[in-house]
Peer 1: 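Structure incoming, see below.
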Amino acid sequence: MSTLTANPLAALARPWLWAWVAAALAFAATLGLTSGRGAGELAYAALSFGAFAAIVGMGQMLVITLGPGNVDLSIPATMTLSATLALKVMGSDPGNALLGLAVALATGLGVGLANFALIYLLRLPPIIATLAASLIYQSLAIWSNRGLRIKPPEGLADFATGRFLGLPNVAWVGLVLAVVTWVVLERSVAGRWLLASGQNLRAARLAGIPVQAVRAVAYVTVALFAALAGYLLASFSGGAALNMGAEYLLMSIAVVVIGGCSIAGGNSNVPGIWGAALFMFLVVSMLNSYGAGAGVRNILTGAIIIAIVIAASTRRSRP
Amino acid sequence: MQPRAMSYFGLNLLFNLAVPIALATIAQMCVIMVNDIDLSIGAFVSLVACVTATFLNDTPMLGVLILLALILSYAVMGAVIHALDLPAIVVTLGMSFVWGGLALFILPTPGGAAPGWIRTLMTVKPPVAPMAVVAAVLIAAVTHVMFIRSGLGTVLRGVGGNMRSVQRAGWNVLYLKALAYGLAGLFGVLAGMALVGLTTSADANIALRYTLLSIAGVILGGGEFIGGKVSPVGAVIGALTLTLAASFLSFMRLSPDWQIGAQGAILILVLTARLLFARKGAAA
Amino acid sequence: AQDADTSGKRIALSNNYAGNSWRQAMLSTFQETADQAVADGVVAAADPYTTSENQATEQAAQIQNMILQGYDAIVLNAASPTALNGAVKEACDAGLIVVSFDGIVTEPCAWRIAVDFAAMGKEEVDYLAGRLPDGGNLLEIRGLAGVFVDDEISKGIHEGVSENDQFEIVGSVHGDWAQDVAQKAVAGILPSLPEVVGVVTQGGDGYGAAQAFEAAGRDTPLIVLGNRQDELKWWAEQRDANGYETLSLSIAPGVASLAFWVSQQILAGEDVPKDLTVPFLKITQDTLDEALETTPEGSVANVSYALEDAQQVIADAK
Amino acid sequence: MTATEVAPIVTLTGAAKHFGPVRALDGVDLTVRPGDCLGLVGHNGAGKSTLVNIVNGSLPPSGGTVDFPAGPEGVRSVFQELSLCPNLTVAENLRISHPGLKGPGWRRPARAEIRAALDAVFPGHGIDADAEVDTLSIAERQMVEIAIGFAPRGGAARLVILDEPTSSLDAGIAEQLLAHIRSFCAGGGAVVFISHMLGEIFAVASRIVVLKDGKVVAERPAEGFTRQGLVDAMGHVATEETARAAEARPPLGEVILKAEGLEARRGEVVGLSGLAGHGQAAALARLYLAQTSDWRAGKTARAVFVAGDRPRDGVLPLWSILRNISISVLGRDATRGLVNREAEQRVAEDWKRRIGIRTENLDNPILSLSGGNQQKVLFARALASDAPVVVMDDPMRGVDVGTKQDVYAMIRAEAAKGRTFLWYSTETEEVCQCDRVFVFRNHQISAELTGADITEEKILEASFEMQEAS
Ligand SMILES: Nc1ncnc2c1ncn2[C@@H]1O[C@H](COP(=O)(O)OP(=O)(O)OP(=O)(O)O)[C@@H](O)[C@H]1O
Ligand SMILES: Nc1ncnc2c1ncn2[C@@H]1O[C@H](COP(=O)(O)OP(=O)(O)OP(=O)(O)O)[C@@H](O)[C@H]1O
Ligand SMILES: [Mg+2]
Ligand SMILES: [Mg+2]
């Protein structure tokens, strides 16, 4: 709001809008096939599965906002590790749901601190530090449970697949996190610090920002978000699997960039993350529904992503 | 270490798969050199591998044309990114889906065969040093001259350092960016061809890993994400190091649970060692 | 008795992927068999190796390292049937025995312990034809695009459908052999599908499909299952609740132990044909309880093969 | 001089440049002929850099024409924001603007050419042609850029436009440049020289053009201006330069800072001087970093920093002016960690007014400001906070005369309220504003001057002593 003039057309200049437009088009195109039948079901499914992508995407966004070279490639391994440990601790016992959550979050905290320690103490480039560390987390997950799938406690599974006021519970979790993230980025001092650090770390430090604390918090938060997503996903799909996070590596980056994230801040990107998360689900559903094979599906997905970024950028650049 | 590894034969085995990785790393370097990042190089090399194992083998003329078209499309991608001022990370992410989809079209199931001449080239046994070592040295030398010594290479690095000043000096940056991406496409094509020469056939997922590997290689070799600071020799050494790190691991017998993690640990150790050296070098 | 002594020989397992319960079960079966064989003095060493990334290039490097380490035989579950041919050839040229299984390679110098994946796909449809004579709409859940196993099973399924024209495949999604991916893909396509009577899968994704149907509030169709314990358990629960009946088709991860013994036999000088077949693991309504009993919680149904089984398979192939 | 008879190098007629509603350049007529040395002055945001950009083709004019009767060859620009490629060596940077250097072995002539150019302009410069630019100090980078501007580059420089070339040079080196410009113009070359240092303008310019709000308000031979007349033409009421001496100085407080061999009392303005690149900036940065933390930030910082190297150390380029100003006070005004946006707006508006940032909307991007106005934003950022210590790294780079006087007064007023200033400057005039001065030589303090001892001669003496002795 603050960087735009009060022109109503200025809304078009918001890059996040285009992810929503694309999601809506994919939604409409899918329903075109059934002449409107199944709209509720599809929206419900999109919200359920979009929630996981949105949660990890918001975490990834915080890190990507830190500027070039910052990205967390350990998200899938973090999801797997925290879910595996949490489910193991819970052992399908209904009384243990919160204990499981605590274990998952503690795992996330540990992972985040470990990642940042590699980046800060050993000065490794984040891309490689998180990539290398993720291999270690993966081994830990294998070692801890050898890939055995333990069922989540009954109540927890019901919560994860249940709904409240017509929306999936996981989507509520994703929405609450989105609001919190939005407030932090748009309204809080810490959010300003994050955005400033991403533009020019040296200048930010000289402006009095505690940049290392900001970086640490970003890397810990992304791990916490990933851990939470892993915990929910395992509860949602009936247990933790070793490969459960695999598709969320590319997904987390994709929703951030499609969501119109630029490190500029100011135009909040959080709504874009959700739009992109829904889009990523709906576009696959649409192409599957039209019977597109894997090849066509990939080509069209890529083409649509590029179309979104072009649409978003031509609107952005004013004369 | 294994005694066999130090032989002519051993060195070749140890390093020959590093050759396509080194080429892909150079491709990634071309893009990082102009302050962008390429998330599609892995999918692109896979696509090239598929084309090489099918069209280039069956109908060489058509194959060559397709490969040229692929290089051209890389150059166009660079031009579009610059002209429309798009974030390269998104465009290349999108393109990675496109390349992957095309590869699935060409080879829905693994197959194809390496053209004989590539196979011969990749398995030739030069005197003194094995092919893998000769190739690595050759790639490093040629790209060093291309990017560091030559005038045009200097200007290309200048684009990464300060695009505006290059523009002000009268260069057409659109053309330079297209050139950088076109070179990335060229090295991507070489990587795909070299890979098929070694594996003898291709599949649509064959080189997906190269995206991260090539980024890691560039950084390991002393490159930086922004500012046009790259080193082709470093990139080749980075690619060799990454290959070697994985090999080193299978020489130690670890429990299968920890094999994957140990590769991560080795990566961290190698990088830390490199940084320590770099810091010592800077202090001296 | 005329067999050569293999007690000095060393065998390596080259594995490209460890990220699911099938592969974990495979690794542990191999480990058990190998440890026992080493303890018994049958071979000097049998070491499993897994690549960190499921990629042919990385596995090729792994094979090359095994050559350097002086192994006598490599038991190989390959990431690609053809992309490893270069490395396999190098191994053969260096005098190693290469036995591929599950993910087999086409290089002629290697042995192949194959599962007829196409037949497996076809059998799924044949089973459905028996159960649902009136036919109807089918949903196909495929594996990972571009992988040989996926293509083979899918081919078999489509062949089955063309022979049984009362069936029509109205939707096809890629579940990447992962529970959550399958669940997501099915949930996304379901709203646009007419009524579905049967789901043909590639194993491991049936439970996810069932959950997606349930979440969409649809009747559970006849889902052909794989060999995962939670699928089997779900099946048993459904059976007890409403008499649900289906079939489970899969490959036993224990095929790794079969491959181990085959390689040992080859090292021992046995004359072994290059192409061997193993039957796939089939669980029916009758054998369900038995299978559930022997399958550890959260793992996959499995069979472990002994030396005698290997000799039997070899004899059958001759 | 019969310059009027020679064909002009460039002629602007009615040149205009509009950025949306901003008329950065509003119909300028200007002619530069061989032998001209044109001094271009004007307040911050007057349109000087815009004029340069129109002449060299970086910006297309929104109106009017730019003619080069003999073609645009040999017209060179040295930009206000340093524009070298930091990842390349000095010689390689020459290559960027000299496409004629081709083929194998191009480096040797490149090295020779840049060395010759540096030697010609800055004798005794000590810059290695193979040094990477980002290892050079800001002054050295500026020197390289100027040398590239004057280098033959396959032809000969006919017109060199220098946009605030001396802003990071110390007096000695600036004098070398001025000497070179004089001889260059005497040899038939033309120079457009932009500076806020009026002394320099009078020292080189044969003709002075005054820009004000995008228009030429005065153009006369240099002899036709007095210093005061020039200042008046630029539209500033200059505050009395001698105010300092007259002012009653409040007594200084206790010592509140002791680091890096420096000592500062409450309410004191401490200057750091010496030749550029002798460790002053580094000492300041270390001192500032030690006063603040990588990990914590309280309600009020112990120290704030005013950067001189704007792009590297100061500006947050993606943000608006508002956010660039308020970043240092967010913590103070926040409630429960949330930004107090009214307070933010108020503080920014207040400082915009007090320090005279030329913009109609604080929500404009910071990069739309002229260089001097960006510098004012950085000043505002620091002064808006309550930090007891203000660390300033050559903060007057590119600030116009009028504003400078205002800022000096502001600094005195803040010091009187008990703030301590640590002030590194390349301008002796600024250093003379201080209560105490530390002179650096070879990364060490070579002299500490107080009170009446603070004179240009004493400072120069302390800066050079060693070199003369050896
Ligand atoms: N990601 C993969 N990459 C390569 N091959 C795979 C992969 N996943 C499964 N396979 C192969 O698919 C076949 C069947 O595996 P299956 O689908 O039964 O495993 P799963 O039961 O799904 O495992 P999980 O229970 O962990 O999901 C095997 O041949 C196995 O090697
Ligand atoms: N890209 C831009 N977008 C919007 N306004 C701009 C842009 N560039 C310059 N301006 C405006 O044009 C005016 C003239 O700027 P210019 O840089 O020419 O000033 P200047 O005389 O060089 O000032 P200084 O002495 O501070 O360098 C200023 O008001 C500035 O804010
Ligand atoms: Mg200016
Ligand atoms: Mg100066």
Side-chain angles (χ1 to χ4, degrees), chain B residues 29-36 85 87 141-142 144-177 179-180 218-219 221-232 234-235 278-279 281-284, chain D residues 49 52-59 72-111 130 132-135 141 144-145 148-149 151 153-155 161 163 311-312 317-318 367:
Chain B
M29 189 199 75
C30 295
V31 177
I32 290 184
M33 180 173 67
V34 293
N35 282 357
D36 287 343
D85 196 15
V142 168
H144 180 78
V145 170
M146 266 173 93
F147 294 105
I148 305 294
R149 303 298 304 174
S150 88
L152 198 55
T154 303
V155 177
L156 282 175
R157 284 184 293 129
V159 172
N162 189 343
M163 190 176 83
R164 262 162 53 109
S165 93
V166 175
Q167 200 158 20
R168 281 166 167 173
W171 291 91
N172 183 347
V173 177
L174 183 79
Y175 156 79
L176 291 174
K177 275 234 169 162
L179 179 64
V218 173
I219 303 304
E224 284 172 22
F225 284 108
I226 45 171
K229 291 197 175 179
V230 293
S231 154
R279 221 169 299 165
Chain D
S49 298
V52 174
N53 285 328
I54 285 198
V55 172
N56 65 36
S58 305
L59 283 175
E73 295 79 37
V75 177
R76 314 283 177 72
S77 298
V78 175
F79 294 91
Q80 182 175 11
E81 304 297 339
L82 292 182
S83 59
L84 296 172
C85 297
N87 58 330
L88 304 184
T89 66
V90 171
E92 286 173 338
N93 265 289
L94 176 70
R95 170 70 179 79
I96 298 281
S97 33
H98 185 352
L101 287 170
K102 283 207 241 296
W106 62 270
R107 267 156 214 276
R108 189 187 299 274
R111 257 183 236 124
D130 286 324
E132 267 181 28
V133 166
D134 60 1
T135 63
R141 277 182 265 166
V144 170
E145 212 171 330
I148 291 179
R153 280 153 54 180
I161 307 175
D163 193 352
R312 191 182 65 156
L318 302 173
L367 292 187

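Predicted model, so just to flag it, every value in this text is computed and none were measured. Chain letters run A, B, ... following the sequence lines, proteins first, then strands; residues in each count from 1.
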Peer 1: Work out which heavy atom in B:G158 is nearest to a heavy atom in D:C85; give both atom names and the distance.
Peer 2: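 Answer, listing the atom of B:G158 first, then D:C85: O-SG, 3.4 Å.
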Peer 1: Check each atom of D:D134 against the heavy atoms of chain B and say whether the ones under 4.5 Å are side chain, backbone, both or neither.
Peer 2: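 Contact with chain B: side chain only.
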Peer 1: Look up atom CZ in D:R76 and atom CZ in B:R168, then write down how far apart they are to the nearest 0.5 Å.
Peer 2: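 Output value for this atom pair is 15.5 Å.
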Peer 1: So which atom in D:R95 and which in B:L152 form the shortest heavy-atom distance, rounded to 0.1 Å?
Peer 2: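 It is NH2-N, 4.0 Å.
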Peer 1: Where on D:R107 is there a heavy atom nearer than 4.5 Å to chain B: the side chain, the backbone, both, or neither?
Peer 2: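 Side chain only.
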Peer 1: B:Q167, B:M163, B:R149: which one forms the most heavy-atom pairs within less than 4.5 Å of chain D?
Peer 2: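 Top option by heavy-atom pairs under 4.5 Å: B:R149.
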Peer 1: Considering only heavy atoms, which portion of D:I96 lies under 4.5 Å from any heavy atom of chain B: side chain, backbone, both, or neither?
Peer 2: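 For D:I96, heavy atoms of backbone and side chain both lie under 4.5 Å from chain B.
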Peer 1: Distance from B:T154 atom OG1 to D:E92 atom CD, nearest 0.5 Å?
Peer 2: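 Result: 4.5 Å between the selected atoms.
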Peer 1: Could you have a look at D:L101, D:V133, D:L84, D:N93 and say which one has the most heavy-atom pairs with chain B under 4.5 angstrom?
Peer 2: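 Heavy-atom pair counts peak at D:L84.
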Peer 1: CZ/B:R164 to OG/D:S83 distance, rounded to the nearest 0.5 angstrom?
Peer 2: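 Spacing of CZ (B:R164) from OG (D:S83) equals 8.0 Å.
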Peer 1: Say whether, by atom type as modelled, one donor and one acceptor occur between the side chain of B:W171 and the main chain of D:S97 under 3.5 angstrom.
Peer 2: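 A pair under 3.5 Å: no.
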